[in-house]
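In what follows, chains carry the letters A, B, and so on, assigned in the order in which the sequence lines appear, proteins first and then strands, with residues in each chain numbered from 1.
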2 protein chains.
Amino acid sequence: MRNVDRATLGGNLRIDQVLESATRLFTEKGYEAASVRDLAAELEIRPSSLYHHFPGKQHILFAICMRMQTDFNAEVIPELLANRPPDEAIASAVRRHVLFGQRRKGEVVVNIRERRSLPAEQLAQVNGLRREYRDTLARVIDAGCRQGSFRVGDPKLAAMAIVDMINGLPHWFKPRDEQDLERVADLYAHAALALLRGWETDPVS
Amino acid sequence: MRNVDRATLGGNLRIDQVLESATRLFTEKGYEAASVRDLAAELEIRPSSLYHHFPGKQHILFAICMRMQTDFNAEVIPELLANRPPDEAIASAVRRHVLFGQRRKGEVVVNIRERRSLPAEQLAQVNGLRREYRDTLARVIDAGCRQGSFRVGDPKLAAMAIVDMINGLPHWFKPRDEQDLERVADLYAHAALALLRGWETDPVS
DNA sequence: TATTGTCGATCGAACGATCGTTAGGGAAAG
DNA sequence: CTTTCCCTAACGATCGTTCGATCGACAATA
């Protein structure tokens, strides 16, 4: 019956399907409110079958958060570490951050809103990756200050402010089309630079 | 036994106690994960007694969100409507927004992260109050643009970006003392103005 | 080619725990 | 004698999870 699907698409397709359906469910109803039975129903299998692929509900949430954050770091951090002026690095990273947040909107929202339901140890792993990104961003901001492009007294605070601003986007922004998305990504890159350049500059009136 | 408490502190003290404990519980464990029994235990009463004060669990969440957002609007929106230059209005509102977010941190975090668990009608009420604030903010930004202080092409987008930035604070910022809090409030006010003034200005190099 | 054995994936059925909520009664206060 | 507040007890529903059997695909063997 399903041999066609399985033979065609390979082995761990089911795991991806589970993560995809779980992401949608967790986004819509929240992790705690979404039941294993809901998830099984979406996949058209019985609840017990899920435990063949995952040892428990929490591990599904963990897999979603961890995979998302790993991919994110792999995609955005290199933009910050590339050898170029800090403002170009920031603008490029912010752009990628915004685009990632839309391309993987479901996982991003789940990671932001639901990861606190993880047990302490798994939560610490995810938070470690997040801190890695923030610290890298703060370091580039600091470099930009010493070089004179930016004027912020507290690079870590500035990094958090920018990250919070960008991470808010996936919660409400629905781009009309690809062009609209590019526009906002560029706009946010400009916004971040405006922030960093003018933060502690007195208004020139 | 409890007549002393009741006589001393008045009638609807219990309701405030419920909301306070519920806020703490919802913040720590999330609305869905926090059970009515947990809440009753914190208040040292039996679960059934809670239903004397509230018709159900959802109404407690609704009361928290609604009260918080009502108080917020009453405290911050007037700063935007006061008769003065847009940049002063924005700076003052952002300051108040930051301070409110710390003073009522628990309720703010619950409102942000848990209100989606509300039934559609109650959710719409809370969202209506939020939109009222955002629209007012956007209108002041627009005024600042026409007056020449700000340079943003999309006032609503700018308002969302600023609100997201400020609303991120209560999730992680732990001020050392009152002075530290004031410092960050002022810093964020400056940040908002830097954003609005430089958003679409080309870097002056 | 026909038969057997292995193994991953799924199933039905059920476990104990916990969920939000209700019914009905009792004690204290005005 | 009513009202307010809290109690004990329990309801049915749903939760995450476990257990053992079954099904189909495939490789090895006769």
What's the closest nucleotide to the A/His52 side chain, out of D/dC19, D/dG16, C/dT10?
C/dT10

Whole Å only: how far is the CG atom of A/Leu50 from the P atom of C/dA9?
13 Å

Give a yes or no on whether the ring-centroid distance for B/Tyr133 and B/His97 is below 6.0 angstrom.
yes

Short side-chain N/O contact from A/Ser49 to OP1 or OP2 of C/dC11, under 4.0 Å
yes

Rounded distance in Å - CG (A/Leu43) to P (C/dA9):
14 Å

Please tell me if A/His53 has a side-chain N or O lying less than 4.0 Å from either OP1 or OP2 of C/dT10.
yes

Could you tell me the separation between the CG atom of B/Leu169 and the CE atom of A/Met160, rounded to the nearest 0.5 Å?
8.0 Å

Picking from D/dC7, C/dT10, C/dG20, which would you name as closest to the side chain of B/Tyr51?
C/dG20

Test log, rule salt bridge (Lys or Arg N to Asp or Glu O under 4.0 Å), inputs B/Asp154 and A/Arg183:
CA-CA 11 Å; B/Asp154 191 334; A/Arg183 169 188 147 258; 2.8 Å; yes

Value for CG (A/Leu118) from NE2 (A/His59), rounded to nearest 0.5 Å, stands at 10.0 Å

Whole-Å distance separating the CD1 atom of B/Ile45 from the C1' atom of D/dT8
14 Å

Spacing between B/Arg46 atom CZ and D/dA10 atom P, to the nearest angstrom
16 Å

I would like to know whether A/Arg139 and A/Asp135 meet salt bridge (Lys or Arg N to Asp or Glu O under 4.0 Å); could you show each step before the answer?
CA-CA 6 Å; A/Arg139 224 172 294 123; A/Asp135 289 349; 5.2 Å; no

Suppose we call a contact any N or O donor and acceptor under 3.5 Å apart; does that hold for the side chain of B/Ser48 and the base of D/dT8?
yes

Salt bridge (Lys or Arg N to Asp or Glu O under 4.0 Å) evaluation trace for B/Glu114 with A/Arg116:
CA-CA 13 Å; B/Glu114 312 292 343; A/Arg116 55 100 180 265; 2.5 Å; yes

For the side chain of B/Arg14, counting heavy atoms from C-beta on, which of D/dT8, D/dC6, C/dT10 is nearest?
D/dC6

Check DNA chain D against residues 26-40 of chain A and give the residues with a non-hydrogen atom under 4.0 Å, in numerical order.
A/Ala34, A/Ser35, A/Val36, A/Arg37

Just how far is it from atom OG of B/Ser149 to atom CG of B/Leu196, taken to the nearest 0.5 Å?
9.5 Å

Round to the nearest Å and state the distance from B/Phe54 atom CZ to D/dC5 atom P.
12 Å

Rounded to whole Å, NZ of B/Lys57 lies from P of C/dC19 at a distance of 9 Å

Round to the nearest Å and state the distance from B/Glu44 atom CD to D/dC6 atom C1'.
14 Å

